[in-house]
*Asks:* 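Handing you this structure, nothing more for now.
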Amino acid sequence: AAAAVTDAQIVLTAKANEQGHLFGSVTGREIAENLRTQGFAVADENVRLDEHIKEVGTYTVKLRFAPELETSVTVVVSKEEEVSEGQEDK
């Protein structure tokens, strides 16, 4: 599993202000869910974040599958585009 996921890239969008600060944060659970949708067997607890991601940007995140079995993936967090007035879901 570690070798297969090594080159994976996770792209997440989140609501953020003009300075790129997220309204909330990106968690390990969200990263693991994204990897699972890509077909990788990654449990939430495999994702090792020192702290939640709170700004738009590109991050290297460690995944630990066993004490001696680690790899890293790239996580790209971008600002969610705002929906213009009148085009929101009703």
Side-chain angles (χ1 to χ4, degrees):
V5 77
T6 298
D7 295 326
Q9 182 172 9
I10 296 97
V11 179
L12 299 169
T13 58
K15 291 184 181 183
N17 66 16
E18 294 300 318
Q19 292 78 33
H21 298 289
L22 303 183
F23 299 127
S25 62
V26 173
T27 65
R29 191 179 114 230
E30 291 171 278
I31 294 167
E33 284 175 1
N34 185 286
L35 285 165
R36 287 193 293 269
T37 64
Q38 294 183 51
F40 298 108
V42 176
D44 294 355
E45 56 272 10
N46 294 139
V47 179
R48 301 292 182 184
L49 282 178
D50 291 331
E51 57 187 38
H52 293 176
I53 296 171
K54 297 181 181 183
E55 293 188 6
V56 169
T58 301
Y59 300 86
T60 299
V61 175
K62 287 185 182 179
L63 303 178
R64 178 177 289 160
F65 295 94
E68 311 236 343
L69 185 57
E70 280 189 3
T71 189
S72 298
V73 294
T74 301
V75 177
V76 179
V77 180
S78 59
K79 183 178 177 182
E80 188 176 280
E81 295 301 319
E82 293 184 20
V83 178
S84 356
E85 284 294 319
Q87 292 184 5
E88 295 175 346
D89 291 337
K90 297 185 185 211

*Asks:* Who are the side chain to side chain donor-acceptor pair (under 3.5 Å) partners of Asp50, not counting sequence neighbours?
*Replies:*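 Asp50 satisfies side chain to side chain donor-acceptor pair (under 3.5 Å) with no other residue.
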*Asks:* I'd like to check the side chain to side chain donor-acceptor pair (under 3.5 Å) partners of Ser25; sequence neighbours left out, ordered by chain and number.
*Replies:*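 In terms of side chain to side chain donor-acceptor pair (under 3.5 Å), with neighbours along the sequence ignored, Ser25 is linked to His52.
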*Asks:* Filter on side chain to side chain donor-acceptor pair (under 3.5 Å), then keep only pairs touching residues 57-67, sequence neighbours left out; what's left?
*Replies:*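 Listed once each, the pairs are Arg64-Glu70.
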*Asks:* What's the shortest heavy-atom distance between Ser78 and Val56, and which atoms?
*Replies:*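 Closest approach of Ser78 to Val56, heavy atoms only: CA-CG1, 4.0 Å.
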*Asks:* Please tabulate, for the side chains in residues 7-16, all donor-acceptor contacts under 3.5 angstrom to protein atoms that are two or more places apart in sequence or on a different chain.
*Replies:*
none

*Asks:* So, using salt bridge (Lys or Arg N to Asp or Glu O under 4.0 Å) as the criterion, who are the partners of Glu80 when residues are at least two apart?
*Replies:*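 Glu80 satisfies salt bridge (Lys or Arg N to Asp or Glu O under 4.0 Å) with no residue once adjacent residues are dropped.
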*Asks:* Got a sec, which residues hit side chain to side chain donor-acceptor pair (under 3.5 Å) with Glu68, two or more places apart in sequence or on another chain?
*Replies:*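 Glu68 satisfies side chain to side chain donor-acceptor pair (under 3.5 Å) with no other residue.
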*Asks:* Using the test side chain to side chain donor-acceptor pair (under 3.5 Å), find all partners of Arg48 that sit at least two apart in sequence or belong to another chain.
*Replies:*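 With sequence neighbours excluded, Arg48 shows a side chain to side chain donor-acceptor pair (under 3.5 Å) to no residue whatsoever.
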*Asks:* Mind checking side chain to side chain contact (heavy atoms under 4.5 Å, CB included) for Leu49 and listing every partner two or more places apart, or none if nothing turns up?
*Replies:*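 Scan of Leu49 (side chain to side chain contact (heavy atoms under 4.5 Å, CB included), adjacent residues dropped) gives Ile31, Val47, Ile53, Val61.
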*Asks:* Got a sec, which hydrophobics cluster with Phe23, joining ILVMFWY side chains under 4.5 Å apart, including via others?
*Replies:*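 Direct or chained contacts put Phe23 with none.
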*Asks:* Have Asn34 and Gln38 got a donor and an acceptor in their side chains that come within less than 3.5 Å?
*Replies:*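 Yes, because at least one side-chain N or O of Asn34 sits under 3.5 Å from a partner of the opposite role on Gln38.
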*Asks:* Suppose the criterion is salt bridge (Lys or Arg N to Asp or Glu O under 4.0 Å): which pairs have a residue in residues 19-29, not counting sequence neighbours?
*Replies:*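 Listed by first then second residue: Arg29-Glu33.
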*Asks:* Under the salt bridge (Lys or Arg N to Asp or Glu O under 4.0 Å) test, which residues partner Glu18, sequence neighbours left out?
*Replies:*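 Here the qualifying residues are Lys79.
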